[in-house]
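Worksheet for the structure shown next.
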Amino acid sequence: MTARVFTGGRVFPMSSLGAPADVVVVDGDRILAVGERGLMQAFPDAIVEDLAGRILCPGFIDAHHHLSITALQPRWADLAGITTIEALGARLTEHAAREPETPWIRGAGWSDLGTGLVPHRRDLDALGLDRPVLVAHYSLHEAVVDSRGLDQLGIGRSSLDPPGGAIGRDLDGAPDGRLVERAWSEAHAQSLAPFADPDRWADHIEVAAHRLLRDGITAIHDAACAPPAEAAYRMLATAGRLPISVLVMPHPTAVLTGPDMDRLSGPPTGEGDQRVRVGPIKLFADGGVLPAIDVHLGGEPLRVGELFPDLEDHVELVASRGFRVAVHAIGNAGLSGALDAFEAAARRHPDLDHRFRVEHACLASTSQLARLARLGGVAVVQPGFLHHLGQAVEGVIFDDASWLPFADIRRSGAVMAASSDAPCTFHEPLRTASHGASRRTGSGAVLDLGQVVTYEDWLWAYTAGAAYAGGQEAERGALVPGLQADFVVLEGELDPDHPPSVAETWVAGRLVYQAGETGE
Ligand SMILES: [Zn+2]
C-alpha cells in the first residue's frame, strides 16, 4: 500500500514527548512517522494530503459513553424536552401503537430539571395502554412505572427499599411509581429484555456507532456494558461491521448493581484486540440523582444522597480476579468511598498496575484529588455536564469541595480523561470541550472560572488521556509511529466561543467521514 503524507496544517500529536510536528506519514492502518517538514523527503512516492491550514489530531476517544443503551433510544418513546403530563402521555400512546410487539412500553429522556415534571403511576395507568409502561429519567438513575409494571416487578406496599435505592410512596405508603437508583435496576433490565438478543441489539449498535464518526469519535468506552451487548460488539467486530473501537466495561444488565459473578469468570481486562477489548469492571460508589454529598455550606454541615454498600469488597473481588475497576462517584462522599476502596486494593495487590478510574468526580476537594494522584488514578470527566449540572448548581459554593473541578484535577497530577456520558448529555467532543474551556452552563452563566481547562487540553483529555484511562496508550490516542492511524482533521480555531468542526475522520488509515459528503 502506498503511504500518505499529511502536511500543510497544524499537527497536534498529543504524545508524551511533546515535540512539534508538521508531517504525519500513514502506511496501511498504522502511523509510520511523525516529524518536521524534512521528513517528507524520505517518502518521495507517498500520496501528499494537503491539510490547507487545518488541524490534524488523533481521533477522539469518548471514555464514558453508553453506546449500547444510546443505540436503543430510537426504539423507545423520545421524551426529551417534554414539559407536561399531557404531552408525555401523547408520546407514550403514539409509541405504543408504533411498537405493538414489545412487552414493555418504554420512554427515554424524561427530565424534571427546570420543569418539575414527575409523573405518578396513576398518570401512566390513565393512558389505558395494554402493557406495562416505564418512563426512564435521562440520567438512567431513576424511572416511573405504572401499576401494571409495579405488579410485574413484584413491588407493592410491603416492599422494602433496597440498599442504595428508594421506592417512591404516597402519604399512605402505597408506591407512587417512582423507582430511584437501585430500586429501578430490575425495571431497566426487564424493559430492555426484548433487545437482549445479541443479533438484534447489534443492528442498532452498528447504526449508532456510524453516527459517531461525523463527530470525530473513533473509539468509545462503553461504561456499563451488559453481557448481551458485549456479545453484540464481538459479533459486529468479527463481521467487520463495527466502525469504531470499543472498550467494554462489563456490568450486569440490571444497572447500578454490584459485579456480575458469572462475568468475573470471563475474559479479564486487556483481553481482545483493537476493535473490541475488555476494559475495567464498572462499579458504583453513589447515586446519580442521589449522589452522596458530605460538605459544609457557610460553615453548616450538609449531608445528602445515597452511598452504595459493599464497594470495598467488590473492588477487592474484582481486582483479585484480574480485572481493573472503574467506580462511578459523583458526590464527594462517593469519591471518598471509592478512594478508600482503591487504597485498600492497592495495599493488598501492590504489584498490579491498577489504573483506578473514578467516573465523573463532579464534586471533590483538592486533598481527595491528591489521593487519586498518589494512587496513579484517572478521573474520567464530562465537560458537557457544565450544561445541565453546571446550571443546577450555579451559586452553590461549598466551603470544602468544588463542582466539576477540572483544573484542580490537572493540577493534582491525576490523569484526566474526557467523555460525554451519552445519552445523559450530548456527545459531540468539540461541543462538550467548548463548555469545559469556557465554563459556560446551559443558562449562559459562567461557573467558577478558576476551573477553566484550555480547549487544547480538552483535546488531550479526549485522546491521550482517554487512551490511558482505557489502558490503550500503546495502540491509540496519539500520533506516534506504530499506533493505529485514527485521526481527525478539524476546520477552524480552538476557540470555545466559536469551536472548530470536524472536516474528516480517518479510522485505521481509511477516510470514513468527510463533511459535506452525501450519505453521511
Ligand atoms: Zn454513565
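Below, each value reflects all heavy atoms present in this structure, side chains not excepted, and no hydrogens, waters or symmetry copies.
T366 and D408 form no side-chain donor-acceptor contact under 3.5 Å, judged by distance and modelled atom types alone. For the residue pair D222/H64, the side-chain donor-acceptor check at 3.5 Å is not satisfied. For the residue pair E491 and S501, no side-chain donor N or O sits within less than 3.5 Å of a side-chain acceptor on the partner. Side-chain polar atoms of R178 and H137 form no donor-acceptor pair below 3.5 angstrom. A side-chain donor-acceptor contact under 3.5 Å links S443 and E394. Between the side chains of D495 and Y455, no donor-acceptor pair is found at a separation under 3.5 Å.
The environment of L302 atom CG is dense: over 12 non-hydrogen atoms of other residues, nucleotides or ligands sit within 6.0 angstrom. The number of heavy-atom neighbours closer than 6.0 Å to CZ of R411, taken from other residues, nucleotides and ligands shown, is above 12.
Between W506 and Y513, the ring centre distance reaches or exceeds 6.0 Å. In this structure, H388 has its ring center closer than 6.0 angstrom to the ring center of Y138.
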**OP:** Could you check R91 against E86 for salt bridge (Lys or Arg N to Asp or Glu O under 4.0 Å), going step by step and ending with a plain yes or no?
**Re:** CA-CA 9 Å; R91 282 279 169 90; E86 293 71 30; over 6 Å; no
**OP:** Decide yes or no on salt bridge (Lys or Arg N to Asp or Glu O under 4.0 Å) for E473 and R355, but give the supporting numbers first.
**Re:** CA-CA 12 Å; E473 66 276 14; R355 210 166 292 193; 2.8 Å; yes
**OP:** Tell me, with the steps shown, if D486 and R476 meet salt bridge (Lys or Arg N to Asp or Glu O under 4.0 Å).
**Re:** CA-CA 7 Å; D486 289 1; R476 62 183 67 250; 2.9 Å; yes
Original post:
Yes or no on side chain to side chain contact (heavy atoms under 4.5 Å, CB included) for L72 and I205, after CA distance, side-chain angles and deciding distance?
Top reply: CA-CA 8 Å; L72 296 179; I205 289 173; over 6 Å; no
Subject >> Residues H120, D170; criterion side chain to side chain donor-acceptor pair (under 3.5 Å); working and verdict >> reply: CA-CA 10 Å; H120 191 279; D170 293 328; 2.9 Å; yes
Subject >> Stepwise ring-ring contact (aromatic ring centres under 6.0 Å, His included) check, H435 with F406 >> reply: CA-CA 12 Å; H435 281 279; F406 304 139; over 10 Å; no
Subject >> R121 and D176: CA distance, side-chain angles, deciding distance, salt bridge (Lys or Arg N to Asp or Glu O under 4.0 Å) verdict >> reply: CA-CA 6 Å; R121 76 180 148 79; D176 63 10; over 6 Å; no
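Using a distance-only test at 3.5 Å, with no hydrogens or angles considered, no donor-acceptor pair links the side chain of H188 to the main chain of A254. In this structure a side-chain-to-backbone donor-acceptor pair under 3.5 Å is present from Q451 to A407. Judged by distance alone, with hydrogens and angles left aside, the side-chain atoms of E181 form a donor-acceptor pair with the main-chain N or O of L290 at under 3.5 Å. No donor-acceptor pair closer than 3.5 Å links the side chain of N332 to the backbone N or O of I293. Under a 3.5 Å cut-off, the side chain of R131 and the backbone N or O of T102 do form a donor-acceptor pair. Side chain of H314 to main chain of P259: no donor-acceptor pair is present (N/O by atom type, distance under 3.5 Å, no hydrogens or angles). Formation of a donor-acceptor pair under 3.5 Å by the W184 side chain with backbone atoms of L140 is found in this model. A donor-acceptor pair is defined here as one N or O able to donate and one able to accept, closer than 3.5 Å; such a pair exists between the side chain of D146 and the backbone of V133. One N or O on the side chain of D286 and one on the backbone of A292 form a donor-acceptor pair closer than 3.5 Å. Counting only distance, with no hydrogens or angles, the side chain of Q368 and the backbone of S365 share a donor-acceptor pair below 3.5 Å.
By the 4.5 Å heavy-atom criterion applied to side chains, P13 and V11 are counted as neighbours. Looking only at side-chain heavy atoms (C-beta outward), L213 and P243 come within less than 4.5 Å of each other. Residues E186 and I155 fail the side-chain proximity criterion, which asks for heavy atoms closer than 4.5 Å. Residues F342 and V325 form a side-chain contact, since some pair of their non-hydrogen atoms from C-beta on lies under 4.5 Å apart. Within the 4.5 Å cutoff, the side chain of F60 has heavy atoms near those of the V488 side chain. Between D294 and V304 there is no side-chain heavy-atom pair separated by less than 4.5 Å. Considering only heavy atoms from C-beta on, V446 stays 4.5 Å or farther from S438 through its side chain. Put simply, the side chain of L117 does not reach to within 4.5 Å of the side chain of T83, judged on heavy atoms.
Taking NE2 from H251 and CG from L256, the interatomic distance works out to 6.0 Å, rounded to the nearest 0.5 Å. Rounded to the nearest 0.5 Å, atoms CE (M249) and SG (C225) are 10.0 Å apart.
Using cut-offs of 30° and 60° for the angle between ring planes, the W76 and F195 rings count as perpendicular.
Listed here is the closest heavy atom pair of G492 and P500: C-CB, 4.1 Å. Closest heavy-atom contact between T505 and G216: OG1-CA, 3.6 Å. Residues A219 and I244 approach most closely at N-CB, 4.3 Å, considering heavy atoms. Summarising the geometry of V135 relative to W110, their closest heavy-atom pair is CG1-CB, 3.6 Å, with the distance given to 0.1 Å. Residues A503 and R54 approach most closely at CB-NH1, 3.7 Å, considering heavy atoms. When all heavy atoms of A417 and A63 are compared, the pair lying nearest together is CB-CB, 4.2 Å.
Under the ring pair (Phe, Tyr, Trp, His ring centres under 6.0 Å) criterion, H328 pairs with H141, F284, H360, sequence neighbours left out.
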For residues 398-405, please give each side-chain donor-acceptor pair under 3.5 Å, one per line with the distance, not counting sequence neighbours.
unit_1: D399; atom_1: OD1; unit_2: G298; atom_2: N; d: 3.2
unit_1: D399; atom_1: OD2; unit_2: G299; atom_2: N; d: 2.7
unit_1: D400; atom_1: OD1; unit_2: H296; atom_2: N; d: 3.1
unit_1: D400; atom_1: OD2; unit_2: H296; atom_2: N; d: 3.3
unit_1: D400; atom_1: OD2; unit_2: H296; atom_2: ND1; d: 2.9
unit_1: W403; atom_1: NE1; unit_2: V396; atom_2: O; d: 3.1

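Taking the ring centre of F356 as origin, the terminal cationic atom of R324 falls outside the region bounded by 6.0 Å and 45° from the ring axis.
The residue from D421, T432, D215 that alone fulfils the side chain to side chain contact (heavy atoms under 4.5 Å, CB included) condition with H427 is D215. Of the residues listed (R357, K282, H66, E359), the one engaging H221 in a side chain to side chain donor-acceptor pair (under 3.5 Å) is R357, and it is the only one.
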